[in-house]
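Structure first, commentary second.
To find a chain, count down the sequence lines: A is the first, B the second, and so on, and within it residues start at 1.
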There are 2 protein chains.
Amino acid sequence: MIPKRSKYAIKALTALAKVYRDKQHLSIATIAEQEKIPRKFLEAILLQLRNEGMVNSKMGASGGYYLVKHPDEIMLSAIIRSTGGPIALIPCVSLNFYEECVECPHEELCGLHEVMLEVREASIHILSKTSLADLILREKKLFRKSENSRK
Amino acid sequence: MIPKRSKYAIKALTALAKVYRDKQHLSIATIAEQEKIPRKFLEAILLQLRNEGMVNSKMGASGGYYLVKHPDEIMLSAIIRSTGGPIALIPCVSLNFYEECVECPHEELCGLHEVMLEVREASIHILSKTSLADLILREKKLFRKSENSRK
DNA sequence: TAAATATACTACTATTTTAATAGGATATAA
DNA sequence: TTATATCCTATTAAAATAGTAGTATATTTA
């Protein structure tokens with residue numbers, strides 16, 4: 001599983017993506033309330049994302065956070081990675097949290113290693129082709145679908 | 001990530017699968033040494049797998065553990081699940097560790113939920129078609145491949 | 001039948017990670 | 001100058017994970 005901070009980050013950035021076209025920014029408090037994320041925790045998460053250049057901020061009254069890149073260019077895989085979420089199921093096939101297996105003499109001969117690599121590739125394939133913009137689009141489609149089925 | 005106990009379980013069961021055709025059993029000590037798993041920890045893991053009916057054991061001198069089913073029928077997904085490893089990346093799309101999102105009013109309208117479902121399906125697809133027998137076969141192939149490339 | 005060898009079982013501890021909070025410093029707008 | 005935000009460091013709380021200890025029980029074998 002990925003940590004909550006990764007999920008919170010995705011939710012918060014999606015909120016920012018929704019106001020991107022209007023060049024608007026949102027305050028931590030606003031996002032926290034909207035997305036039901038603990039305020040102080042969100043603060044720490046956004047601060048980190050800012051230090052990594054994924055968002056920018058404006059201090060002072062009527063300040064807030066805004067996306068640096070277009071929602072089309074921000075991929076889920078990137079968000080998960082920069083908030084410390086491992087995508088792989090075991091450390092020896094993780095790109096960002098790689099750790100050698102103590103027990104494997106040669107990991108290139110390990111069958112489990114090979115299978116877990118395939119799993120990682122399949123996951124990353126989906127997560128790195130899905131952007132914040134895609135997420136918003138999906139939500140619109142899901143909403144329309146539920147509207148239709150209520151008729 | 002899945003816990004170490006899941007990985008240890010896969011390694012241990014693979015060791016048992018390798019002697020399955022000879023109807024042999026292996027002692028905890030033997031497996032622990034072979035696979036470099038802490039002895040007492042492995043004991044706890046195998047005991048749990050036994051209580052879930054995945055393996056059986058024989059007490060006393062020259063006792064040990066053995067597989068109940070054919071290595072062809074034991075899938076990685078089943079091992080991971082019965083040792084407490086979540087395959088999904090977030091709780092709201094997990095089959096065995098499901099938890100409702102506090103922040104989502106309607107999870108069927110959540111774009112992230114939908115994407116994470118796809119990731120889970122892709123992972124489970126691979127893990128539930130791969131058996132212990134497949135793992136052993138893969139290892140043989142990897143070994144032959146490395147032999148050839150050394151020529 | 002005694003010694004050796006294994007599993008069965010319960011309880012405990014230590015470590016690490018994650019989630020979340022506290023509180024003051026700094027910047028900006030109205 | 002007051003109100004509103006972000007910035008930043010430090011700390012705490014809770015939970016999960018990994019691993020250990022020790023004793024009871026069963027079975028083989030000499």
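One can place CD1 of B:Ile45 at 9 Å from P of D:dG19, the figure rounded to the nearest angstrom. As a whole-Å value, the separation of B:Tyr65 OH from D:dT27 P is 14 Å. Here D:dA5 presents its P atom at 12 Å from CD1 of A:Ile31, a figure rounded to the nearest Å. Taking atom CZ on A:Phe97 and atom P on C:dT16, their separation rounds to 17 Å, with Å as the unit. Atom pair A:Leu42:CG and C:dT18:C1' shows a separation of 16 Å (rounding to whole Å applied).
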*When every nucleotide of nucleotides 8-15 of chain D is labelled 5' to 3' by its protein contacts under 4.0 Å (heavy atoms), B for base, S for sugar-phosphate only, - for none, what sequence of letters results?*
B-------
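Between A:Ser57 and the phosphate of D:dC7, there is a side-chain N or O to OP1/OP2 separation shorter than 4.0 Å. Phosphate contact (OP1/OP2 of C:dA6, side-chain N/O of B:Tyr66, threshold under 4.0 Å): absent. For A:Tyr8 and C:dA20, the shortest distance from a side-chain N or O to OP1 or OP2 is below 4.0 Å.
Projected onto DNA chain C by closest heavy-atom contact, B:Arg39 and A:Gly84 fall at different nucleotides, the more 5' of which corresponds to B:Arg39. The nearest heavy atom of DNA chain D to A:Ala61 and to A:Leu46 marks one nucleotide each, and the one closer to the 5' end goes with A:Ala61.
Residues from residues 87-95 of chain A that place a heavy atom under 4.0 Å from any atom of DNA chain D: there are none.
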